[in-house]
Amino acid sequence: MENKISGIRKEQDMKLISWNVNGLRACLTHDFAASFAALDADIFSVQETKMQPGQADFAPEGYTEYTYSAEKKGYSGTACWCKTAPLAVTTGIGREEHDHEGRVLTLEYPGFYLVNCYTPNSQDGLKRLDYRMTWEDAFRAYLLELDAKKPVILCGDLNVAHTEIDIKNAKTNRMSAGFTDQERAKMTELLAAGFTDTFRAVHPDEVKYSWWSYRFHAREKNAGWRIDYFIVSNRIADKVTAAEIHNEVFGSDHCPVELVIDL
């Protein structure tokens, strides 16, 4: 797979982008529209929109928009822009305790489900770690229900650096939110249930990050974490032609990640 080049797409290849924008309205003031156009995705998914519908002036030509906002204003939220409209759109995962924060937006297409997810952060002091564990089990069950019907493409900010290669300072961050043994074990469990981390499959040894703290000049020093993913059902992993991290794109504390797949 290494010889496939992201910039060269066969006609049937589908390009997907996922980006935690850390507030869409803020990101729009940092050239989001230009980055969106340059990335030219068939489906462009974002997380942490931090807005209610209609609060941002962004309507790219040729795309249909789908949004899912948190009940709490200015918090969380997901959105997708699609060149081809899906057959159906679902918000949430069908579990009342998990469906108030605008975290999961599912688009059904003829040959796959696209699941756009913003996983709950375990927070400072791991205040939300217990909730996160409950979320992980419920979300994995939701993905497996979908996967029983057709292949799944999961994207988003999954708020975990899975292994030590996915984080700059593994030793000092051990048991920090996003790198606890518990969160990492849940990612292992998800992958073991029949899913593939596409970036790591295509680039087994590459050190590349998708999020940097705003503190300590972290991005300048490339002291980052890889917590943004495209994960696919194992049975379509061989259809992946590229998986990239666009750390040259600014506008948020995260950068966009990309999947090109021939479905």
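If you read the sequence from its start, that first residue is 1, and numbering goes on from there.
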_Evaluate E101 against R128 for salt bridge (Lys or Arg N to Asp or Glu O under 4.0 Å), listing each step before the verdict._
CA-CA 14 Å; E101 297 183 351; R128 252 193 144 186; 2.7 Å; yes

_Non-hydrogen side-chain atoms of I153 and L263 separated by less than 4.5 Å_ = yes

*Say whether E48 and S76, considering side chains only, have a donor N or O and an acceptor N or O under 3.5 Å apart.*
no

*asked:* Is it true that T163 and D166 share a donor-acceptor pair across their side chains at a distance under 3.5 Å?
replied: yes

*Could you check D228, N247, N22 and say which one makes a side chain to side chain donor-acceptor pair (under 3.5 Å) with H254?*
D228

*Please lay out, stage by stage, how R200 and D205 fare under the test salt bridge (Lys or Arg N to Asp or Glu O under 4.0 Å).*
CA-CA 8 Å; R200 197 49 73 211; D205 305 311; over 6 Å; no

*Using the ring of Y113 (Phe, Tyr or Trp, six-membered ring only), decide whether K150 places NZ or CZ under 6.0 Å from its centre and within 45 degrees of its axis.*
yes

*With no hydrogens and no angle check, do the side chains of S210 and Y229 hold a donor and an acceptor under 3.5 Å apart?*
no

_One thing to verify: whether D57 and R25 come together as a salt bridge, which I'm taking to mean a side-chain N less than 4.0 angstrom from a carboxylate O._
no

*Does N116 use its side chain to pair, donor to acceptor, with the backbone of T78 at less than 3.5 Å?*
no

*Without hydrogens or angle criteria, can the side chains of N234 and T196 be said to hold a donor-acceptor pair below 3.5 Å?*
yes

*asked:* Using the ring centroid of each side chain, check whether F44 and F32 are separated by less than 6.0 Å.
replied: yes

*Lys/Arg N to Asp/Glu carboxylate O, D157 vs R103, below 4.0 Å*: no

*Is the distance between the ring centroids of F36 and W19 less than 6.0 Å?*
no

_We want to know whether S233 and D147 form a side-chain donor-acceptor pair, criterion being a heavy-atom distance below 3.5 angstrom._
yes

*Looking at residues at least two apart in the chain, or sitting in another chain, which of them share a ring-ring contact (aromatic ring centres under 6.0 Å, His included) with H98?*
Y131, W135

*Take D13 and K239, measure what salt bridge (Lys or Arg N to Asp or Glu O under 4.0 Å) needs, and give me the verdict at the end.*
CA-CA 9 Å; D13 278 353; K239 307 287 189 191; over 6 Å; no

_Within-4.5 Å side-chain heavy-atom neighbours: F195 and L143_ = yes

*Can M14 be reached from L105 by stepping across I, L, V, M, F, W or Y side chains whose heavy atoms are under 4.5 Å apart?*
yes

*asked:* Apply the hydrophobic cluster definition, ILVMFWY joined by side-chain contacts under 4.5 Å directly or through others, and give me every member besides Y118.
replied: none

_Let me check something: do Y142 and L114 share a hydrophobic cluster, defined by ILVMFWY side-chain heavy atoms less than 4.5 Å apart, either directly or through other members?_
no

_Atom CZ of residue position R174 - does it have more than 12 heavy atoms of other residues, nucleotides or ligands inside 6.0 Å?_
no

_With a sphere of 6.0 Å drawn around CG of D130, does it hold more than 12 non-hydrogen atoms of other residues, nucleotides or ligands?_
no

*With a 4.5 Å heavy-atom cut-off, do F230 and F199 have their side chains touching?*
no

*Is any side-chain N of the basic residue among R132 and E183 closer than 4.0 Å to the acidic one's carboxylate O?*
yes

*Please check if atom NZ in K73 has more than 12 non-hydrogen atoms from other residues, nucleotides or ligands closer than 6.0 Å.*
no

*Over 12 foreign heavy atoms within 6.0 Å of CG, D124*: no

